[in-house]
Amino acid sequence: MSARLEINLNKIHHNAHILVQRLAVHGISVTGISKATLGSPTIAKVFQNAGVTMLGDSRIENLEKMKEANVSAPMTLIRTPMLSQIDRIVESADISFNTELKIIKALSRASNLIGRTHGIVLMVELGDLREGIMPSDVETIVRSVIKLPNIEFQGIGANLACRNGVTPDDKNMAELSALANSIDKKFGITMNIVSGGNSSNLEWVFRGSTIEGKESSRQIGRINNLRLGEAILLGRNPLDREPIKDLYTDAFNLIGEVIEFKVKPSKPWGEMAQAAFGTPPPIKNQGNIHQVLLAIGEQDTDTGGLTPSAGFEILGASSDHIILNAKENSLAIGDEITFELNYSALLRSMTSPFVNKVMEE
Ligand SMILES: *Cc1c(COP(=O)(O)O)cnc(C)c1O
C-alpha cells in the first residue's frame with residue numbers, strides 16, 4: 001500500500017499515560033501537543049484517554065479539525081495568533097498564548113462579538129529568544145489584559161530549547177515561578193496556569209538524564225503544566241534525543257517501497273557539479289554494492305531524520321527517492337523497508353499528502 005506511516009495508537013497511549021502519571025506526582029498537568037500529528041482527532045482522543053487535560057496546537061486549522069471531530073478537551077493555540085485569523089481563533093481556541101497587546105485587544109473585540117470569553121496565557125522570554133515578553137514588562141501587560149472585556153487572564157508560560165537550545169534549569173524555572181508569585185500578589189489573583197515549557201523540561205523535572213519519575217528534589221515551584229509533543233509521540237528527550245525510560249520510540253514507522261534493486265558501483269562517474277539538494281557529501285568507495293531505490297523522498301519526509309531497519313544504510317536522497325545500501329539483505333521489487341523517524345521526519349511525513357497514515361491499535 002505504497003508509502004505510509006504506521007501509527008501504533010496503543011504505544012502513543014502508553015507513552016502519554018506514563019508521562020501524565022509521572023508529572024502528576026509533581027502537581028504538573030499535561031497539555032498534549034498535536035502539531036506533529038497534523039491535528040489528528042484520533043490521536044487527540046488517545047491523548048485524552050491517557051489523562052491529558054488540554055490540547056495544544058500551533059495551527060488554527062488543526063484545532064478546527066479536532067473541534068469538528070468532537071474532540072472535547074480545552075484547546076490552546078500555542079503560537080501567537082495572527083491578526084488576520086482572530087475570528088477563527090476565538091471560534092475554535094479556548095485559550096491562546098500571547099505576547100502582543102494589540103493582538104490581545106483584537107481577541108477581546110472578536111470574543112465580545114460572539115459572546116464568548118477567550119483565555120490568555122502570556123509567554124515570557126527566558127533566554128531562548130523565540131516568543132515571549134521580557135520579564136520586566138510582563139506586569140504592565142497583565143495590568144492591561146485583566147481589564148479587557150471577554151478576556152480571562154489564565155496565567156504565564158515559557159518556551160525554551162526550540163530556537164537556540166537554551167536548557168530549562170533551576171534558574172530560569174525559578175524566574176518563571178517568582179514572576180507568577182509577584183503577579184498574583186500585585187493583582188490579588190491566583191493564576192490557573194504556569195506552563196513551564198515543552199518536552200525538553202522533563203529532564204529538569206525529574207533530575208538526571210533518565211527521566212524515571214523517581215522522587216525529585218527539584219524546586220518545581222509554581223510550574224503546574226507542561227506541553228508535550230515529542231516526548232509522547234517519539235518517547236525521546238529532545239535535549240539529547242535519548243529514549244525516555246519505559247517509553248516506546250517506535251509508535252510511528254515510515255514504510256517505503258522498493259522500485260529498483262541492482263548491483264552498482266558505489267562511486268559516481270563523470271564531471272561533478274551540484275545535485276538536486278546542493279553539494280552531496282563525499283562518497284566513500286565501497287566497490288560494487290547492492291543499491292536499493294525506494295519510492296519515498298524529500299517530498300514525503302525529512303530523509304536525514306530516518307533510521308532504517310538493521311542492515312540497511314541510507315546513501316542519499318532526492319525529492320522522490322531514497323537510495324540505500326542493502327548490504328547482505330536480499331530484496332525483491334515491491335518489498336518494503338521500514339524506518340524510525342525523528343521529530344522533523346515525523347512532522348514532514350504527517351503533513352505530506354503522498355504518505356498514507358495507517359492507524360493501528
Ligand atoms: C511545539 C511546541 C511545544 C511542544 O514541543 P515538544 O518538544 O514537541 O514537546 C510546546 N510549546 C510550544 C510553544 C511549541 O511550539
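Sequential numbering from 1 along the given sequence is applied to the chain's residues. Order of appearance sets the numbers: ligands from 1, and atoms from 1 within every ligand.
Around the CD atom of Glu61, the shell of radius 6.0 Å holds more than 12 heavy atoms that belong to other residues, nucleotides or ligands. Annotation for Lys327: atom NZ counts as buried by contact number, over 12 foreign heavy atoms lying within 6.0 Å.
For Lys35, every heavy-atom contact with ligand 1 shorter than 4.0 Å involves the side chain, none the backbone. Here Phe97 has no heavy atoms under 4.0 Å from ligand 1, in either its backbone or its side chain. Counting heavy atoms closer than 4.0 Å to ligand 1, residue Asn159 contributes side-chain atoms (C-beta onward) but none from N, CA, C or O.
Not a single donor-acceptor pair under 3.5 Å links the side chain of Asp128 to the backbone N or O of Arg130.
Around atom 5 (O) of ligand 1, the closest heavy atom drawn from Asn198, Leu160, Leu233, Leu228 belongs to Asn198.
When only modelled atom types and interatomic distance are considered, Glu340 and Thr307 share no side-chain donor-acceptor pair under 3.5 Å. A donor-acceptor contact closer than 3.5 angstrom is absent between the side chains of Ser108 and Asn150. A side-chain donor from one of Asn98 and Ser96 sits under 3.5 Å from a side-chain acceptor of the other.
Near Glu230, meaning under 4.0 Å from one of its heavy atoms, ligand 1 places the atoms 6 (P), 8 (O), 9 (O). Near Glu131, meaning under 4.0 Å from one of its heavy atoms, ligand 1 places the atoms 13 (C). Close approach of ligand 1 to Arg130 is summarised as follows: ligand atoms under 4.0 Å from at least one heavy atom of the residue are 13 (C), 14 (C), 15 (O). Applying the 4.0 Å criterion to heavy atoms of Tyr343 picks out, from ligand 1, the atoms 8 (O).
Among protein heavy atoms, the minimum distance from atom 9 (O) of ligand 1 is reached at Ser199 OG, 2.5 Å. In terms of protein heavy atoms, atom 11 (N) of ligand 1 is closest to Arg227 NE, 2.8 Å.
Side-chain contact between Leu254 and Phe252: absent, with no pair of heavy atoms (C-beta onward) separated by less than 4.5 Å. The closest side-chain heavy-atom distance from Pro41 to Lys65 is below 4.5 Å.
Between Gly229 and ligand 1, at least one N/O pair is under 3.5 Å apart.
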